[in-house]
Amino acid sequence: MCSVERGAQLQHQFDDIEQQRQADTLGMWAFLATETLFFGGVILAFSVYRLYYTKGFIEAAHRLHLGLGAINTAILLGSSFTVALAVHAASLGKKKRLVGLLLATGILGLAFLGVKFCEYWSEYREGLVPGLRFTYEGPFPAQVRLFFSFYFVMTALHAAHMVVGIAIFAVVAFQAWRGRYSPEYYSSVEVSGLYWHFVDIVWVFLFPLLYLLRG
Amino acid sequence: MASMSPRTSTIVFAVLMLLLVATVGAAFVPYDRWQLGWAGVAIALTIAATKAILIARFFMHLSAPAPLPRLLALMAIVWLGILFALSWSDYLTRSWLPASRGWTESAARRESEP
């Protein structure tokens with residue numbers, strides 16, 4: 001049974017399943033290396049203005065909802081934890097647990113987006129959205145406006161990655177439920193997990209840069 | 001294929017949550033009062049880097065025997081380092097040249113008088 005499945009899953013260009021696994025993982029790492037530079041560019045630009053416009057950016061950071069940001073960080077770290085457990089469940093071939101953990105990850109991802117949406121909504125009401133509704137009249141208005149431009153670009157890019165990740169987990173959970181993965185070969189779980197952890201790492205840097213540099 | 005035992009994952013998750021509490025707590029220190037703004041930035045980013053290393057090392061299996069993922073992770077960091085080093089070597093040294101000071105100073109002056 002197992003060998004039949006393995007035979008069906010092995011693509012013809014690979015010598016064996018182990019080589020195929022390593023190629024799967026390597027491909028995702030290559031993609032993540034490019035993603036590092038993708039987010040690195042906007043973080044670099046932010047860091048330059050943080051140095052030049054320190055006072056305005058500190059003023060702006062105080063307008064963000066630190067509590068909601070911290071809750072979202074906890075949610076995202078929790079979702080990375082469920083992914084790590086899911087990969088372990090896949091390696092043991094525990095189908096029910098795998099499907100449950102993948103769905104839990106997706107739900108935590110949706111919770112993150114829900115909290116993010118609440119933040120966006122309250123920032124819209126407070127008039128902190130450049131180009132749409134910006135009514136801030138405190139000190140350093142131009143610098144605060146620039147900070148919020150960065151804030152929305154960085155968090156929206158991150159949120160877009162979350163949406164993609166949640167969609168991927170929905171597909172992987174469905175495939176797991178159909179019994180497509182075996183302890184011998186479950187690269188889809190492993191590779192989508194790598195992507196999710198990377199998105200988590202991006203947030204691990206965005207959270208302090210945007211919310212915490214306030215003193 | 002490498003996978004972390006649930007026990008290891010739980011410990012890593014607990015440490016990550018502790019670091020989150022630590023970094024949020026550190027954000028309430030009034031660094032500005034002692035002109036230590038740079039220290040606040042350094043603490044926040046050091047904690048973030050520690051969290052990132054924990055996630056990469058354990059959750060992303062970077063410690064697994066296969067060497068190529070480690071190589072690609074290293075390449076990502078090296079390229080990021082080039083991007084930051086070359087850019088910062090520009091922005092941090094602009095004030096060294098008298099001719100280039102007008103740009104930042106006039107921008108700063110405009111902002112300080114709202």
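Each chain gets a letter, A, B and so on, in the order the sequences are listed, and its residues count up from 1.
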What residue in G56(A), G78(A), G69(A) has the most heavy-atom pairs under 4.5 Å with chain B?
G78(A)

When every non-hydrogen atom of M4(B) is compared with those of H88(A), the smallest separation belongs to O-ND1, 3.2 Å

Of T54(A), T73(A), L92(A), the largest count of non-hydrogen pairs under 4.5 angstrom with chain B goes to T73(A)

Among the options S5(B), S9(B), A26(B), pick out the one with the most heavy-atom pairs lying under 4.5 Å from chain A.
S9(B)

Check: M60(B) and I201(A) side chains under 4.5 Å, non-hydrogen atoms
yes

Which atoms of I82(B) are under 4.5 Å from chain A, going by heavy atoms: the side chain, the backbone, both sets, or neither?
neither

So which atom in L213(A) and which in A44(B) form the shortest heavy-atom distance, rounded to 0.1 Å?
CD2-CB, 3.9 Å

Is K116(A) atom NZ crowded by more than 12 heavy atoms from other residues, nucleotides or ligands, each under 6.0 Å away?
yes

Would you mind reporting whether L77(A) and F59(B) have side-chain heavy atoms less than 4.5 Å apart?
no

side-chain contact (heavy atoms from CB on, under 4.5 Å) for H61(B) and V87(A)? Distances and angles first, verdict last.
CA-CA 11 Å; H61(B) 316 308; V87(A) 172; 3.9 Å; yes

Look at P208(A), A90(A), A84(A), S47(A) and state which one has the largest set of heavy-atom pairs under 4.5 Å with chain B.
S47(A)

Hey, what's the ring geometry for F81(A) with F13(B), parallel, tilted or perpendicular (30° and 60° as the breaks)?
parallel

Which bit of W88(B) is near chain A, if near means a heavy-atom gap under 4.5 Å: side chain, backbone, both or neither?
side chain

Do other residues, nucleotides or ligands put more than 12 heavy atoms under 6.0 Å from the NZ atom of K95(A)?
yes

Counting heavy-atom pairs under 4.5 angstrom with chain A, the leader among S87(B), P30(B), A52(B) is A52(B)

M75(B) versus chain A, the contacting section by heavy-atom distance below 4.5 Å:
neither

To check you understand the geometry: which heavy-atom pair defines the closest contact between W29(A) and A73(B), and what is its length?
CZ3-CB, 3.7 Å

Give a yes or no on whether Q13(A) atom CD has more than 12 heavy-atom contacts from other residues, nucleotides or ligands under 6.0 Å away.
yes

If you count heavy-atom pairs under 4.5 Å with chain A, which of T10(B), V29(B), V12(B), L45(B) comes out on top?
T10(B)

Looking only at L44(A), L32(A), I43(A), T36(A), most heavy-atom pairs under 4.5 Å shared with chain B are made by L44(A)

Counting heavy-atom pairs under 4.5 Å with chain A, which one of I77(B), I55(B), T8(B) comes out on top?
I55(B)

Side chain, backbone, both or neither: which part of L68(B) has a non-hydrogen atom closer than 4.5 Å to chain A?
both

Does the side chain of Y31(B) reach to within under 4.5 Å of the side chain of I58(A), using non-hydrogen atoms?
no

For P69(B), is it the side chain, the backbone, both, or neither that has a heavy atom closer than 4.5 Å to a heavy atom of chain A?
both

Where does F28(B) contact chain A at under 4.5 Å (heavy atoms): side chain, backbone, both or neither?
side chain

Check: A27(B) main-chain N/O paired with Y211(A) side-chain donor or acceptor under 3.5 Å:
no

Which heavy atom of L20(B) sits nearest a heavy atom of A70(A), and at what distance?
CD2-O, 3.8 Å

Closest heavy-atom contact between L212(A) and V24(B)?
CD2-CA, 4.2 Å

